[in-house]
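Structure, as structure tokens:
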Amino acid sequence: MFGLVWSTLKVLRESPDVLREVLRKRFMDVSLVDKFLELDKEWRRVQTELNKLRHQHNVLSSRVAGLPPEEREKVVTEAKELLGRISEMEKRLEEVERDRKALLDRMPSLLHESVPVGPDESFNVVVSVWGRARVQQAHLSDFLAETEGKGVKMDYEVVEKDLTGHADILEYVLRLGDTVKAGEVAASRFYYLFDDLVWLDLALLSYAMDYLTSRGFRLVLPPYMLRGKYMGAVEEFTAFKDALYKIDGEDLYLIATAEHPLAALHAGDTIPEEELPKLYVGVSPCFRKEAGAASRDIKGIFRVHQFHKVEQFAYTMPEQSWEVFHLLIRNAEELYKGLEIPYRVVNIASGELNLRASMKYDLEAWYPAQGKFRELVSCSNVLDWQAYRLNVRYLRRKGMVKDYLHMLNSTAIASTRTITAILENHQNDDGTVTVPNVLRKYLEAFSRAPKDYIHPVRK
RNA sequence: GCCGGGGUCGCCUAGCCUGGUAGGGCGCCGGCCUGCUAAGCCGGUGGGGGAUAACCCCGCGCGGGUUCGAAUCCCGCCCCCGGCGCCA
């Protein structure tokens with residue numbers, strides 16, 4: 001009955017109850033379903049009406065050429081009358097179509113069955129933990145609540161002394177960052193990093209690029225800006241005002257992640273089954289307005305307007321996407337194990353999921369000074385949400401079947417945020433910070449880069 | 001940025017001047033034929049509506065306009081190629 005159709009729309013039409021359940025689980029307005037179905041029906045009705053009128057008009061038009069002058073005038077007049085009715089119907093269609101599309105744009109991806117149902121992050125389910133966390137006495141009960149309280153046991157040691165937060169290490173212990181000056185000349189949430197932290201940033205990117213390319217991911221340096229049309233197909237509408245910078249006077253947006261241009265890479269393409277999955281690793285700066293963040297994480301470089309990121313991105317056959325999802329999160333885990341950063345992976349609760357994600361795993365590092373787990377990685381399967389909007393399809397040779405493919409994205413390493421995790425977790429009593437061993441080979445290339453420790457700069 | 005040429009159904013290409021509703025080749029899919037393969041023959045191969053029907057609508061880079069009728073004429077934009085300019 002339906003040809004090429006977004007999976008959500010298919011379910012919406014064929015079994016609306018299933019979609020109602022999805023909306024309920026996501027704590028969304030269930031009445032959207034009925035509103036949409038009504039509009040969808042009307043849209044189809046108006047389209048049929050319009051097509052009939054157009055057909056009549058086409059028939060008349062095609063007769064005109066062969067008519068003698070006196071009859072021709074009559075037919076032309078008749079055709080002109082029809083045009084009036086057609087343009088009325090076109091206006092009606094445009095209206096209905098606009099409303100229908102607006103409603104469809106608010107529809108989410110279907111949920112994976114293992115997504116925990118709940119309105120907020122307290123319903124997130126911890127799926128794995130790794131490493132030995134350093135926990136200050138004052139944070140012990142919080143730590144236990146966030147691990148054993150969630151049904152997992154994580155190795156830890158209680159430390160007696162006070163640990164220093166990343167922002168203070170950055171500016172007052174190492175003295176390798178200046179957010180005050182950056183705030184003055186740019187804005188808050190910008191930063192200057194110096195010397196060893198710049199080498200560290202570079203080494204982290206190299207490490208992730210090396211790891212992923214050696215596992216078959218294709219390395220990509222993408223455009224850092226995208227046209228509005230493509231941004232709108234890749235990202236949810238709310239991102240435009242909360243997250244994205246727009247170039248003044250041009251239809252261009254700065255990317256907030258390499259996911260954006262990597263998703264747009266195959267816009268309009270039909271990819272043969274044998275070429276899937278396509279695995280990419282993008283490296284790019286990321287620009288984010290953080291408009292919704294208010295005064296959260298205002299100190300340091302945990303939440304900033306600009307950073308570097310290595311991103312995993314995959315195009316898959318629909319039946320492959322969950323397998324690839326687990327591949328992406330496993331890759332991320334291996335990277336942080338290498339960096340010796342204790343972490344947990346959480347399955348994000350339904351109410352916290354964005355519209356695109358069918359399921360999202362976050363990798364959260366333990367921050368011993370903050371006494372919290374905080375997000376370093378976000379791994380999502382968006383199913384055909386983006387493929388539908390960007391018109392990216394697979395082609396199955398057998399029977400020439402074409403349909404939307406699946407897309408997935410996952411952080412590998414976001415530089416500044418990973419640096420904050422390293423500063424907090426690898427800080428030493430003497431003020432130095434230990435450089436993880438896996439980075440050494442990427443630092444060896446530079447004579448002035450740190451190899452074992454990052455040392456404070458003397459005043 | 002300026003001047004010139006161009007963008008047609010996966011790929012190539014005809015049609016554009018002179019408006020009448022997209023033709024051919026390749027590839028691919030399905031069928032016939034064949035001991036098998038090849039060749040050959042037939043059909044299909046952009047999107048939507050409709051009952052996976054008949055049939056119909058839309059589609060020639062994108063968006064407008066003129067016309068009963070636009071791939072074709074007009075306007076704006078995007079992209080590609082060549083030349084000039086500028087530039088790391």
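Chain A is the first sequence line, chain B the second, and so forth, proteins listed ahead of strands; every chain is numbered from 1.
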Below 4.0 Å: OP1/OP2 of [N] and any side-chain N or O of [X]:
X: A:R393; N: B:rG47; answer: yes
X: A:N58; N: B:rC57; answer: yes
X: A:R44; N: B:rC56; answer: no
X: A:N391; N: B:rG46; answer: no

Select one nucleotide: of [options], the one nearest the side-chain heavy atoms of [X].
X: A:L4; options: B:rC58, B:rG49, B:rG47; value: B:rG47
X: A:S61; options: B:rG69, B:rG48, B:rC58; value: B:rG69
X: A:H57; options: B:rC56, B:rG69, B:rC58; value: B:rG69

When the [atom1] atoms of [M] and [N] are compared, how many Å lie between them, rounded to an integer?
N: B:rG59; M: B:rG4; atom1: C1'; result: 30 Å
N: B:rG5; M: B:rC16; atom1: C1'; result: 15 Å
N: B:rG43; M: B:rC36; atom1: C1'; result: 25 Å
N: B:rC9; M: B:rG61; atom1: C1'; result: 14 Å
N: B:rC78; M: B:rG63; atom1: C1'; result: 10 Å
N: B:rC68; M: B:rG76; atom1: P; result: 24 Å
N: B:rC28; M: B:rC11; atom1: C1'; result: 11 Å
N: B:rA71; M: B:rU21; atom1: C1'; result: 10 Å

Between [N] ([atom2]) and [X] ([atom1]): distance, integer Å:
X: A:K402; N: B:rG44; atom1: NZ; atom2: C1'; answer: 12 Å
X: A:E90; N: B:rC58; atom1: CD; atom2: P; answer: 9 Å
X: A:Y230; N: B:rC62; atom1: OH; atom2: P; answer: 11 Å
X: A:E273; N: B:rC29; atom1: CD; atom2: C1'; answer: 14 Å
X: A:L395; N: B:rG27; atom1: CG; atom2: P; answer: 16 Å
X: A:E14; N: B:rA51; atom1: CD; atom2: C1'; answer: 14 Å
X: A:E49; N: B:rG50; atom1: CD; atom2: C1'; answer: 13 Å
X: A:K101; N: B:rG47; atom1: NZ; atom2: P; answer: 19 Å

For [N], the Watson-Crick or wobble partner whose two distances fall under 3.5 Å:
N: B:rA38; value: none
N: B:rU45; value: B:rG27
N: B:rG82; value: B:rC3

Checklist entry - Under 4.0 Å between a Lys/Arg side-chain N and an Asp/Glu carboxylate O for A:E38 and A:K41? => result no

Checklist entry - Considering heavy-atom distances to RNA chain B, does A:H55 or A:R100 have its closest nucleotide positioned more toward the 5' end? => result A:R100

Next on the checklist: Reading RNA chain B from 5' onward, which residue's closest nucleotide shows up sooner: A:V59 or A:A65?
Outcome noted: A:A65

Next on the checklist: So, applying side chain to side chain contact (heavy atoms under 4.5 Å, CB included) with A:Y192, which one of A:V185, A:V180, A:L197 is it?
Outcome noted: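 Result: among A:V185, A:V180, A:L197, A:V185 is the only option passing the side chain to side chain contact (heavy atoms under 4.5 Å, CB included) with A:Y192.
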
Item to check | Option from A:V433, A:L174, A:L176 for which side chain to side chain contact (heavy atoms under 4.5 Å, CB included) with A:P456 holds | outcome: A:L174

Next on the checklist: For A:D242 and A:F237: C-alpha separation, side-chain torsions, deciding distance, then whether side chain to side chain contact (heavy atoms under 4.5 Å, CB included) applies.
Outcome noted: CA-CA 9 Å; A:D242 290 344; A:F237 183 72; over 6 Å; no

Checklist entry - If you look at every heavy atom in A:A357 and A:R26, which pair is closest and at what distance? => result O-NH2, 2.6 Å

Checklist entry - Where do A:R189 and A:A293 come nearest, in terms of heavy atoms and distance? => result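 Taking A:R189 first and A:A293 second, the nearest heavy atoms are NH2-CB, 3.8 Å.
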
Checklist entry - Has A:K278 got its NZ or CZ under 6.0 Å from the middle of the six-membered ring of A:Y315, at an angle within 45 degrees of the ring axis? => result no

Item to check | Over-ring placement of A:R389 relative to A:W6, 6.0 Å and 45° cut-offs | outcome: yes

Checklist entry - Is the A:Y361-A:F325 ring centre distance short of 6.0 angstrom? => result yes

Checklist entry - For the ring pair A:Y253 and A:F240, is the centre-to-centre distance below 6.0 Å? => result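 Aromatic pair counts; centres sit under 6.0 Å.
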
Checklist entry - Base, sugar-phosphate, or nothing for A:R396, non-hydrogen atoms under 4.0 angstrom? => result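 Touches nothing.
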
Checklist entry - Between A:N425 and A:E340, does any side-chain donor sit less than 3.5 Å from a side-chain acceptor? => result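 Side-chain D/A pair, A:N425 to A:E340: absent.
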
Item to check | Whether A:F302 and A:Y367 hold their rings parallel, tilted or perpendicular, with breakpoints at 30° and 60° | outcome: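 Answer is perpendicular, since the angle exceeds 60°.
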
Next on the checklist: Any residue in residues 69-89 of chain A with a heavy atom nearer than 4.0 angstrom to RNA chain B? Just list them by number, or reply none.
Outcome noted: A:V76, A:A79, A:K80, A:L83

Can you pull every protein N or O that's under 3.5 Å from an N or O on nucleotides 72-80 of chain B?
residue	atom	partner	partner atom	Å
B:rC78	O3'	A:R227	NH2	3.2
B:rC78	O2'	A:R227	NH2	2.9

